[in-house]
Amino acid sequence: MKFLTRIGLALLLLAAVPPAAAAGRPSWPDGGPTLPRPLPASPKGHLRPWRGSPSDVVGGVVYSRGELIVTDSPYDDHGADTVFNTDPTDFVVGPGQGANAAGGYAPGVTGGADGDYHYPDGAAYARNAADIVETRVAVDRRAWYLLVRLSTMNDPRRTALEARLGRHVLLVHGRRGTFDGKRVRVAADARQALFEVRIRRSLYDPGTNVRSLFVASGVWDPAARSWYEPSPGGSPFFDLAYVPGEGMKSYWRDTRQSGDIAAESFGRDRLRVRFGALTAHRCRRERRCRPYSGPTVGLFSRVVRSGQRLGRGVGLQQRYAQDSGTYPANLYRSPFQPYAIYVPRHRTGAMVLLLHFLGGNYMSYPISSMPQVGDWAEKLGAIVVMPLARGEGGWYEGEAERDVFEVGRDAARHYRVDRDRVYLAGMSMGGFGTWRLGQLYPDQFARGIVWSGPMTPNTVWAYPTPPPSPSCGAGQRADCGYNLMDLFGNTRDLPLFVVHGGADELVPSSGAEHWMADYAARGHATYRYLFYPDRRHETSYPGSTEPWVLKWLGGLPRRETNPVHVTYRIRREFLQPRFGIFYRRAYWTRGLRLAPHASEGLIDASRSGGADRTKTLGDSVGADGLGPYRLRGADVTAPAATPNFVKLHLSGLVHAVLDTRRMGWTAGTTGRVTGDTDTPLDLVLRRPSGSVTVHLERGHFDVVVARAGS
């Protein structure tokens, strides 16, 4: 206890450091999908070099290397809230899925954006043309500079900025800018999606004083040579660069902003710029200047600079034909992606990746499951990271799959994360994502929690009918559906806690009872299955099941890094060559490649000649705050490893690699590989001194390897 207390004090001191200052090389992931390099922290300047490091905390203000940098919330570009919560395009999902825009739980309606402005039709706007994500201010001897970075810029002529410094007004559209009506130099960079402005000191000199700065964006009408007004007579602004105290109560963090735009009242949305601190180039010389202001602990949101190249703007999610219907799902393509995070006061290094439900976004659980999620995060000392996953209906495939790992990597850059204490959890589609990513990347997580998660994407399966295939979208094959039960066995070394309600209207409990019975019958994994006969499909589960979360994650169990027994199965329909995702490794097995005509491949590898010991837990019944429940499960313990030995069962593979160092084989001794394969296969034994390849024909094999671990 004293040791943990000292760690807590140290981390509390670190919390006062600007979040960007803690950034470094991430400790997680050490596997998973191949991730592109993140976008550079600073853009390439045209009028001056930009070198400062942003906080990437939404609402965070930082002074860095002679620059003031403000981070704004992506996708809050919905303008004024003129007709509160009645426009159907405000909604991101149909009945039964969550919370309204005001933050209250409403089972029949989910709120989308508070603002209700709409972009004009056309590719130039991409439904995202006036979304500010970052603002910078800098000075030199001759001029001062303003840089505004946007989420999307297809045509600079159709986006406009207004900045007010005290009583002075800057107007920018396209490559044209005026300050108090006089021309100033503007650089418009569509590739980097930014405007850069240079204002000569001879035109206006801010000196070293504190000045108030207001920045807003909207759409410019080139034909009319004026602002486009989505609400005639109202404010033309779609987004404000700085809205202090926005809060975490709406789906896109724009409640206060949309109200201010509707009222055209911006007095509280001004940023105080300490030009003296910028002139000194060192904020420490300016006593009144704090290098960073913004949240450091508790619930807030951050921006990850994604390296995925998906195009620009906001489009419709075509996966599983979700681009049609009353409430179509969106695909958010920008490199700037928001995520919510809860940072406890005393951190232990643990991290929970909490995946949102269908129709939700990164704000789903801050609205539906707080303060309980924050409570268990504080008790565990775990940061809780809630990704957007590129939209409301990505089903944790492709770009959404990568987003989870990019967001986790970003969090690990800014906060100390113990790579062996990373947990995966989610509700509904997020529960599906937990099953899916847990089975495809079992070596990346220590434990998982599934609340009401289905086995098939974007379908309703009521057992005993066969699982239905979803409607396939553009770019998907005709048989795009799959069943996650086909991967059972992959979580042999990843314990799962599964929660389901008997009255679940969207993921019928007949299906859950069926697949959990099948999971138990295989007898290969530690798990718990908690069944509430009277509960429905409830977005509040991550909060309302707090006692069970604390029991399951109590003590912060570590992941299994080098298990005695590895089972890893992959089916061809899961491969995603478009995204470079092929699922070729788990633990100490690597380089797995399917045979050309095989629909699935399997490696079952045990470093022991003995069998697992399974302790089945009898049904336990009781009641808690959610009502009566039934709990069942099993604990599986692997036998001790046999030195320098492995038994393999291989199917549908033409190539596999075993890492003998991670397997614990002793250098300079003889090793033995035995088993069977149904396809000719090249087996590579990777050793510190060099790899050895053994070609295996179909059938049984028994190979002795000299100097096995050398």
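The basis for the numbers below is simple: all heavy atoms, side chains too, and nothing from hydrogens, waters or symmetry mates.
With a 4.5 Å cut-off on side-chain heavy atoms, Asp131 and Leu150 do not count as touching. Between Pro338 and Val58, the closest side-chain pair of non-hydrogen atoms is not below 4.5 Å. Taking 4.5 Å as the limit, some side-chain heavy atom of Pro457 sits within range of a side-chain heavy atom of Phe432. By the 4.5 Å heavy-atom criterion applied to side chains, Glu162 and Val169 are counted as neighbours. Under the 4.5 Å side-chain criterion, counting only non-hydrogen atoms from C-beta, Arg302 is not in contact with Val304. Looking at heavy atoms from C-beta onward, Arg312 lies out of side-chain contact with Ser334 at the 4.5 angstrom threshold. Residues Val148 and Leu146 have side chains in contact (heavy-atom distance under 4.5 Å, counting atoms from C-beta outward). The side-chain heavy atoms of Val273 and Leu278, taken from C-beta on, include a pair separated by under 4.5 Å.
Salt bridge status for Glu401 with Arg436: present, with a side-chain N to carboxylate O gap under 4.0 Å. Using a cut-off of 4.0 Å between Lys/Arg side-chain N and Asp/Glu carboxylate O, Arg390 and Glu397 are scored as not salt-bridged. Between Asp155 and Arg158 there is a salt bridge, since at least one side-chain N of the basic residue sits less than 4.0 Å from a carboxylate O of the acidic one. Between Arg536 and Glu505 there is a salt bridge, since at least one side-chain N of the basic residue sits less than 4.0 Å from a carboxylate O of the acidic one. Using a cutoff of 4.0 Å between basic side-chain nitrogens and carboxylate oxygens, Glu67 and Arg136 are scored as salt-bridged. Glu134 has a carboxylate O that lies under 4.0 Å from a charged side-chain N of Arg305, or vice versa, which qualifies the two as a salt bridge.
Cation-pi geometry between Arg48 and Tyr145 is met: the NZ or CZ atom falls under 6.0 Å from the ring centre, inside 45° of the normal.
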Run the ring pair (Phe, Tyr, Trp, His ring centres under 6.0 Å) test on Trp252 and Tyr332 for me, step by step, so that the C-alpha distance in whole Å, both residues' side-chain angles and the decisive distance to 0.1 Å come before the verdict. CA-CA 13 Å; Trp252 294 104; Tyr332 300 92; 5.2 Å; yes

What do the steps show when you test Phe214 against Phe266 for ring pair (Phe, Tyr, Trp, His ring centres under 6.0 Å), and what is the final call? CA-CA 8 Å; Phe214 168 80; Phe266 307 116; 4.9 Å; yes

Please step through side-chain contact (heavy atoms from CB on, under 4.5 Å) for the pair Arg149 and Phe336, ending with a clear verdict. CA-CA 10 Å; Arg149 201 162 192 181; Phe336 299 95; 3.6 Å; yes

Test salt bridge (charged side-chain N to carboxylate O under 4.0 Å, His left out) applied to Arg309 and Glu399, step by step: CA-CA 9 Å; Arg309 296 184 178 182; Glu399 73 284 335; over 6 Å; no

Mind running side-chain contact (heavy atoms from CB on, under 4.5 Å) on Thr152 and Tyr125 for me, showing each step along the way? CA-CA 8 Å; Thr152 293; Tyr125 303 101; over 6 Å; no

Take Val507 and Val460, measure what side-chain contact (heavy atoms from CB on, under 4.5 Å) needs, and give me the verdict at the end. CA-CA 6 Å; Val507 185; Val460 177; over 6 Å; no

Checking Tyr292 against Tyr63 for the ring pair (Phe, Tyr, Trp, His ring centres under 6.0 Å) test, could you report, in this order, the C-alpha distance in whole Å, the side-chain angles of both residues, the deciding distance, and whether it holds? CA-CA 6 Å; Tyr292 169 76; Tyr63 285 80; over 10 Å; no

Apply salt bridge (charged side-chain N to carboxylate O under 4.0 Å, His left out) to residues Arg268 and Asp260 and explain how you reach the verdict. CA-CA 9 Å; Arg268 59 185 179 182; Asp260 288 353; 2.7 Å; yes

side-chain contact (heavy atoms from CB on, under 4.5 Å) between Val197 and Val184, worked out: CA-CA 7 Å; Val197 187; Val184 293; 3.8 Å; yes

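In this structure, CG on Leu355 lies 12.5 Å from CE on Met427, to the nearest 0.5 angstrom. Note: Ile132 CD1 to Asp72 CG = 6.5 Å, rounded to the nearest 0.5 Å. Atom OH of Tyr541 and atom CG of Leu626 lie 6.5 Å apart (nearest 0.5 Å). Between Asp77 atom CG and Leu240 atom CG the span is 11.5 Å, to the nearest 0.5 Å. A distance of 8.5 Å separates CG in Asp323 from CD in Gln317, rounded to the nearest 0.5 Å. Atom NE2 in His78 sits 9.0 Å away from atom CZ in Arg127 (nearest 0.5 Å).
The shortest non-hydrogen separation linking Leu161 to Ser217 is CD2-CB, 3.7 Å. Of all non-hydrogen atoms in Leu358 and Gly393, the two that sit nearest each other are CD1-CA, 3.8 Å. Smallest separation of non-hydrogen atoms from Ala425 and Val352: CB-CG1, 4.4 Å. In terms of heavy atoms, Arg256 sits closest to Gly245 at NH1-O, 3.7 Å. Summarising the geometry of Ser258 relative to Thr255, their closest heavy-atom pair is OG-O, 3.1 Å, with the distance given to 0.1 Å. The two residues Gly426 and Thr434 come nearest to each other via the heavy atoms N-OG1, 3.2 Å.
For Glu378 and Tyr342, the side-chain atoms include at least one donor-acceptor pair closer than 3.5 Å. Judged purely by distance below 3.5 Å, without hydrogens or angles, the side chains of Arg319 and Asn458 never pair a donor atom with an acceptor atom. Side-chain contact check for Ser428 and His537: at least one donor-acceptor pair (N or O, by modelled atom type) lies under 3.5 Å. Judged purely by distance below 3.5 Å, without hydrogens or angles, the side chains of Ser306 and Glu406 pair a donor atom with an acceptor atom. Ser151 and Asn128 form a side-chain donor-acceptor contact under 3.5 Å, judged by distance and modelled atom types alone. With hydrogens and angles left out, the side-chain atoms of Glu392 and Asn361 include no donor and acceptor closer than 3.5 Å. In the model, Asp116 has a side-chain atom that pairs as donor or acceptor with a side-chain atom of Thr82 under 3.5 Å. In the model, Tyr339 has no side-chain atom that pairs as donor or acceptor with a side-chain atom of Asp403 under 3.5 Å.
Checked by atom type and distance alone, the side chain of Ser369 pairs as donor or acceptor with a backbone atom of Thr539 at under 3.5 Å. Checked by atom type and distance alone, the side chain of Asp76 never pairs as donor or acceptor with a backbone atom of Asp254 at under 3.5 Å. One N or O on the side chain of Ser42 and one on the backbone of Gly52 form a donor-acceptor pair closer than 3.5 Å. For the pair Glu196 (side chain) and Leu147 (backbone), a donor-acceptor distance under 3.5 Å is absent. Between the Tyr119 side chain and the Ala130 main chain, a donor and an acceptor come within less than 3.5 Å of each other. Counting only distance, with no hydrogens or angles, the side chain of His46 and the backbone of Val186 share no donor-acceptor pair below 3.5 Å. A donor-acceptor contact shorter than 3.5 Å is absent between the side chain of Gln318 and the backbone of Gln322.
Ring-centre distance between Tyr117 and Phe238: below the 6.0 Å cut-off. A distance of 6.0 Å or more separates the ring centres of Trp451 and Phe357. Here His168 and Phe179 bring their ring centres to under 6.0 angstrom of each other.
Ring geometry, Trp395 versus Tyr320: the interplanar angle exceeds 60°, so the pair is classed perpendicular (tilted spans 30 to 60°).
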